[in-house]
Structure formats: structure tokens, C-alpha cells
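Proteins come first, then strands; the chains are lettered A, B, ... in the order of their sequence lines, and each starts at number 1.
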Number of protein chains: 2
Amino acid sequence: MPADEDDATQPPGPTRPGAAHPGLTRDALARAALRVLEREGLAGLSMRKVAAEVGVKAASLYWHVRNKEELLDLLNDALMADAEAPPRTGDWRTQLRGYCRRYRAHLLAKRDAAKVVAGRLAPGPHLLRLMEDQLDRLREAGFSPADSAMISYLLGAYVQGFVLQEQSPMAAAETTGAGRREVADAAAERFRTLPAAEFPNLVAMADDLTGPDLDARFDFGLDRILDGLAALLPPDRR
Amino acid sequence: MPADEDDATQPPGPTRPGAAHPGLTRDALARAALRVLEREGLAGLSMRKVAAEVGVKAASLYWHVRNKEELLDLLNDALMADAEAPPRTGDWRTQLRGYCRRYRAHLLAKRDAAKVVAGRLAPGPHLLRLMEDQLDRLREAGFSPADSAMISYLLGAYVQGFVLQEQSPMAAAETTGAGRREVADAAAERFRTLPAAEFPNLVAMADDLTGPDLDARFDFGLDRILDGLAALLPPDRR
DNA sequence: ACCTGAACACCGTTCAAGT
DNA sequence: ACCTGAACACCGTTCAAGT
């Protein structure tokens, strides 16, 4: 995923005040929001800062967008703009695994992406494209239309839920200056020092609970789900 | 889940200004935050409103709590205060299903609960109690310590991800005045009217994608996961 | 020990007014 | 058609001052 800075389609240089900004489309707004998100996180993403990013005052945004919610919808779609489907090779399991791993990696790559994506009902055009492709592969693998629709929803919930859980605490922890390892160690220590009479399992399994890194956890869950999906197919297509 | 209003352990009646508020513990603060959340949603939960709820000014809260983040940690735990584990009867599948269904129902019952819970790393004492119990049942079912730890995390991510996805759009939709049925119908219409050449599957499967209600979708995903987990056990314990 | 007033640096949004 | 200044009703947080 290269090319972040200026899109170079239109030089966004400042214009004389009061004048229309030629490049100020909803699309440019979305990309500006993306840059602010990367720099300041979702908590720091304000209408005022996005406006400044495009060289305009906050009130002007309301000409292009109904409110902040709508800007977040735009951002949501922009976040998916450079997501790519996995190669159409291998069996359905490897393709589906590729989908989920890429989706996770894609969300992890942009700051607070999971938080932005999580609560938004309407899939933008870019996500629609991916859904269409994924459904196509599910049908081809032999899943019924009804099952395919359910599976698509299930995988989306899993990946988003997982990334949300790994992304926000990490962001919070890194704010306090600690790295991934330190956070895990502190969590293990917390479990280990719990009263053993009341929490025998948490104490005994402190390392199991905090040791495995998140890649391993993600793949574990994903493989369990894929195993479960296989059971829906006739035996000769598993 | 009854008994919401005043906990009645301490009458929170107003005191003379400047005087200490006897009932103003961190616990009382958490319960006040819970009431504000129920009334105003997470977006409307401000330090000022929580302070008013306990009859105090905003600045006073900083005596009891480092910042808003810490208040949200308290709220997070308060949200889990009256969660109950399912009965310890039936095989591991029904117990685990009970766990996930109850967790979902519990999150759905409180406004914006999934959003509060989602990004918080440190499980509060109430959640710890549930984790301990769940791990115990997993071990008893025959899962290894390592697998049990992974499974606990997997189920948590699934339920939270799922509820987050169903709760926030619904809240947004209901703000605009529409009910569940109308939202689903509008989504189906959106899929159905997409260009059929580019999105053949979305168009054809519009009803499958939007028809099943969320209870059905949740159970579908849950059963797939449970199927997948079964494969980890020796054949005689499935 | 605990609460307050006042202040600071922010928010999202509206609207009459500009060009 | 698009941008702006000014205003409104809010935020979280700090801190000297009160009791």
C-alpha cells in the first residue's frame, strides 16, 4: 500500500479566501479525513481539523456533507479503497483464509480503522465490490445462497470484532509508552497474582491466556470457523 | 434483569455545597455513569452529566477518578455486574452456546454496551469471574489449557463483534425513526437495484443477505464455531 | 479530605453575510 | 455555487481557592 501523501491529481494549494476550491470534492474530503485519522487517531478527528487539512474553515464542510456522521461514512469507504481480494487459487478454505487475513491486515494498517468501520451499517462501494467477489467464491465452493450470505456476515463480524479488540487496547497501551510485550507481561502478572482459591484457572493458565501472539489467536479462531463451515458442504466438496 | 434505579444502599440526596458526599464512592460513580449511559447513550455520556447525576460539579470527579478513561473502565465493569453464567447442565456445546447467547443478550440489553466494552483491555472483576467459570467448563469438556484460552478469546471476539455490528446501526437507524424491518427492507432494496452486470450475486442474493433476523445469524455463526471446536476434541468426547 | 468557580483549549453545528 | 465569521451550546481537564 504505497502512495499516501498528495494524490497529485489536483494540487490542493490554497486559493484566495472566499473563492471556490477546485479540488474540493467529497472524494478529496474523504482522503483528507484519512490523513487526519492517520495523524491524530479517531478521537482527534474533528471537522475543524479536516477542514484545515483541505485549506478551508469548518463551516464550509457543511456545504459538502450533511454532518460529521456523513463524513465518517465517506471515510469508511476510503478506508476500503485499496483493499484487495486474495488470488483466486487453491481451494475454498485457502481463499477464505486469505480474505480474512487480508481484511485483518488491512484494518490493522490504518490507525483506528476497526473503530471507524465497526459501527457503520452501509457498506460503501469499495466494500460492496469485495462482498460481491466473496459471495461468488462461496457459491462456487458449493455453499447455498442462504449459507453464503450468513457466512459472509459471520466472517465480517469475526474479523472486525477481533481487530477492534486488538487495535484499541494497543493504541491505549502505546499511549502510555509500553510495547506489545510489556502489555502481555503485565496482563500475565495480573492473572498470576489473583487469589488462587477464587480463580484457580486464571492463575494456572495465565501464560496460555496472555502468551500466544495475536496472529496465532486470529488463525486459531479462523481455522475453527473454517472447520465448522466445511461441515455444511457435501463430503466430496470439503 | 430488574432493579435499575436507585440502589437504595445510600440515599444520594443533595448535601450542603462544599461538603463531602457520603455515598460518593467509585462504585456509586460507576452506577451513575450506567444511568447516564442508559439515558443519553455513549455519545452523550460526559463528565459533566455524570457529575450532575451524583449531585456534584464536574471538577469533583477528578478527585475520585484520574480521567474519563478511568471512569469508562469503571462503567465497563458495572456493565458486567449482573451478568450470569448459564446453568451447568447439558453437554459442553449447550453450555457454551448458553454462555454466548447470554452474553449477547446482556450486551443488547444496555444501550451502547458493546461500544463501551469493545475497546477495553482490562477485564474488570465481574468479567474475571465469568472467565474463570468459562475456562473451568472448557477444561472439564476436555479442551487443553492452551486451546481453552484460545477458545475463550475467540468466543469473546465473536460475540462482541457481532453485537457491535447489530447495536450501533440499529441505534443510528432508530434515531432517524425507522424500525428494524424498515432498515432491512431498505438494505434489500439497495442490493436489488445495484447494476446486475457488476454485482450479480448481491442482486440475486439480496433477500438472503438482508432477510434473516439477527438472532438467526448469530446462532448460525455460533453453531459453525462450535462445530469447529468439536473437531479439537477426541472423537469420544465430542 | 473533598468540593467548587473559573478558566483554557477545544468540540459540532447553524446562519446571516460575503464573493 | 461555495466559503466565512461569529455565535451557541457544549466538551475534558487543571488548579487555586474554599470548607
Please report the distance, rounded to the nearest Å, between [atom1] in [X] and [atom2] in [N].
X	N	atom1	atom2	result
B:His64	C:dC2	NE2	P	7 Å
B:Glu40	D:dC11	CD	P	9 Å
B:Leu24	C:dC2	CG	C1'	9 Å
A:Leu29	D:dC2	CG	P	13 Å
A:Lys57	D:dA7	NZ	C1'	16 Å

Report, one pair per line, the protein and nucleotides 12-16 of chain C atoms (nitrogen or oxygen only) whose separation is under 3.5 Å.
| unit_1 | atom_1 | unit_2 | atom_2 | d |
| --- | --- | --- | --- | --- |
| C:dG12 | OP1 | A:Met47 | N | 3.3 |
| C:dG12 | OP1 | A:Lys68 | NZ | 3.0 |
| C:dG12 | OP2 | A:Met47 | N | 3.0 |
| C:dG12 | N7 | A:Arg48 | NH1 | 2.4 |
| C:dG12 | O6 | A:Arg48 | NH2 | 3.3 |
| C:dT13 | OP2 | A:Tyr62 | OH | 2.8 |
| C:dT13 | OP2 | A:Lys68 | N | 2.9 |
| C:dT13 | O5' | A:Tyr62 | OH | 3.3 |

Taking the six-membered ring of A:Phe218, is the NZ or CZ of A:Arg104 close enough (under 6.0 Å from the centre) and on axis enough (within 45°)?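 Relative to the ring axis of A:Phe218, which defines the angle, A:Arg104 lies inside both limits.
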Could you check A:Tyr153 against B:Phe220 for ring pair (Phe, Tyr, Trp, His ring centres under 6.0 Å), going step by step and ending with a plain yes or no? CA-CA 10 Å; A:Tyr153 194 87; B:Phe220 175 90; over 10 Å; no
Within a strict 4.5 Å, meaning less than it, do heavy atoms of the B:Leu202 and B:Arg192 side chains meet?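 B:Leu202 does not reach B:Arg192 side chain to side chain.
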Measure the shortest side-chain to side-chain distance between B:Met80 and B:His106 over non-hydrogen atoms and say whether it is less than 4.5 angstrom.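 Side chain of B:Met80 against side chain of B:His106, heavy atoms only: contact under 4.5 Å found.
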Is DNA chain D part of any stem, that is, at least 3 consecutive Watson-Crick or G-U pairs with both distances under 3.5 Å, and where?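 The stems are C:4-8 with D:12-16, C:12-16 with D:4-8.
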Under a 3.5 Å distance rule, please check whether B:Asn201 uses its side chain to pair with a backbone N or O of A:Asp133 as donor and acceptor.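 Checked: no pair found.
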